Amino acid sequence: QVQLVESGGGLVQAGGSLRLSCAASGFTFSTNAVGWFRQAPGEEREFVGFITRFNTYYTDSVKGRFAISGDNAKNTVYLQMNSLKPSDTAVYYCAAGKYGSLATAMYDYWGQGTQVTVSS
């Protein structure tokens, strides 16, 4: 019924850029919040940022390098990642909820994740 599908991950060089997409079906992004999270091997799932109808918010480690945007017509949210570092290597997930939050528990739906690997 409700599905979120991330795509756009891959292997990039340090300093490079990558754009991830999160496409929704059975759900409307425009009336909800979409968060981006990432999880590196052996690490906890980490908040990256979120977008609502009013604003965007980012964690300090990606502020100034990453940007979240949305295309309501396509029901898709994007995560533009610039100046990538090896420490950005992780599986990236998008999630949808009623309100923007830094907490994973506040999101109702999750995508399957897409791998981003940044080589040094």
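Quick caveat: nothing in here was measured; it's all calculated off a predicted structure. The first residue of the sequence shown is numbered 1, and numbering continues consecutively from there.
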Participant: Side-chain contact test, heavy atoms from C-beta onward, threshold under 4.5 Å: evaluate it for Tyr99 versus Asn32 and give yes or no.
Facilitator: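 They are not in contact (no side-chain heavy atoms under 4.5 Å apart), so the answer is no.
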Participant: Go through Thr89 and Thr117 one step at a time and tell me if the side-chain hydrogen bond (donor to acceptor under 3.5 Å, both in side chains) criterion holds.
Facilitator: CA-CA 5 Å; Thr89 295; Thr117 302; 5.2 Å; no
Participant: Has Arg45 got its NZ or CZ under 6.0 Å from the middle of the six-membered ring of Tyr93, at an angle within 45 degrees of the ring axis?
Facilitator: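 Yes.
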Participant: Linking I/L/V/M/F/W/Y whenever any side-chain heavy atoms sit under 4.5 Å apart, do Val91 and Val77 land together?
Facilitator: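 Each belongs to a different hydrophobic cluster.
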Participant: Between Asn82 and Ser17, is a side-chain hydrogen bond (donor to acceptor under 3.5 Å, both in side chains) present by the stated rule, with each step listed?
Facilitator: CA-CA 4 Å; Asn82 301 318; Ser17 297; 2.9 Å; yes
Participant: Do the rings of Phe47 and Phe37 sit parallel, tilted or perpendicular, given the 30° and 60° boundaries?
Facilitator: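 It falls in the perpendicular class, over 60°.
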Participant: Identify the two heavy atoms, one from Ser7 and one from Ser21, that lie closest to each other, and give their separation to 0.1 Å.
Facilitator: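 Closest pair (atom of Ser7, atom of Ser21, distance): OG-OG, 2.7 Å.
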Participant: Taking a hydrophobic cluster as the set of Ile, Leu, Val, Met, Phe, Trp and Tyr residues connected by side-chain heavy atoms closer than 4.5 Å, whether directly or through intermediates, do Phe66 and Val12 fall within one such cluster?
Facilitator: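 Same hydrophobic cluster.
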Participant: Search all heavy atoms of Pro86 against all heavy atoms of Ala14 and return the closest pair with its distance.
Facilitator: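 In terms of heavy atoms, the two residues are closest at CD-CB, 4.1 Å.
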Participant: Closest approach of Leu20 and Trp36, non-hydrogen atoms and distance?
Facilitator: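 For Leu20 versus Trp36, the nearest heavy atoms are CB-CH2, 3.8 Å.
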Participant: Do Ile51 and Tyr57 have side-chain heavy atoms sitting under 4.5 Å apart?
Facilitator: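 No, their side chains stay 4.5 Å or more apart.
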Participant: Do you know the tightest heavy-atom contact between Gly9 and Val116?
Facilitator: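 Nearest heavy atoms, Gly9 then Val116: CA-CG2, 4.2 Å.
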Participant: I need the Ile68 CD1 to Cys94 SG distance, nearest 0.5 Å.
Facilitator: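 It comes to 10.5 Å.
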Participant: Between Gln39 and Glu44, is there a side-chain heavy-atom distance shorter than 4.5 Å?
Facilitator: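 With C-beta onward as the side chain, the pair stays apart.
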Participant: If we only count heavy atoms from C-beta on, is the Lys85 to Arg65 side-chain gap below 4.5 Å?
Facilitator: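 Yes; the side chains approach each other to less than 4.5 Å.
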Participant: Of all heavy-atom pairs between Cys22 and Leu4, which one has the smallest distance, and what is that distance?
Facilitator: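 Shortest heavy-atom separation between Cys22 and Leu4 comes out as SG-CB, 4.2 Å.
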Participant: List the atom of Val62, the atom of Val48, and the distance in Å for their closest heavy-atom pair.
Facilitator: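 Closest approach of Val62 to Val48: CG2-O, 3.7 Å.
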Participant: Flag yes if Val34 and Tyr58 sit in one hydrophobic cluster, no otherwise; membership is Ile, Leu, Val, Met, Phe, Trp, Tyr, and two members link when side-chain heavy atoms are under 4.5 Å apart.
Facilitator: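 Per the 4.5 Å side-chain linkage, Val34 and Tyr58 are co-clustered.
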Participant: Output yes when Lys98 and Asp108 qualify as a salt bridge under the 4.0 Å nitrogen-oxygen rule, no when they do not.
Facilitator: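 Here Lys98 does not pair with Asp108 in a salt bridge, since their nearest N and O are not under 4.0 Å apart.
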Participant: How far does CD of Glu6 sit from CD of Gln115, to the nearest 0.5 angstrom?
Facilitator: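 Reported value, rounded in 0.5 Å steps: 12.0 Å.
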Participant: Would a 4.5 Å heavy-atom cut-off, applied to side chains only, mark Tyr92 and Met81 as touching?
Facilitator: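 The answer is yes; the side chains approach within 4.5 Å.
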Participant: Whether Arg19 engages the ring of Tyr78 as a cation-pi pair (distance to the six-membered ring centre under 6.0 angstrom, angle to the ring normal within 45°) should be assessed.
Facilitator: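 Verdict for Tyr78: a cation-pi partner in Arg19.
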Participant: Looking only at atom types and distance, does a side-chain atom of Asn72 sit under 3.5 Å from a main-chain N or O of Asn75, one as donor and one as acceptor?
Facilitator: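 The answer is no, because no donor-acceptor pair under 3.5 Å joins these two groups.
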Participant: I want to check something: taking the side chain as every heavy atom from C-beta on, are Glu46 and Ser61 in contact at a cut-off of under 4.5 Å?
Facilitator: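 Side-chain contact under 4.5 Å: yes.
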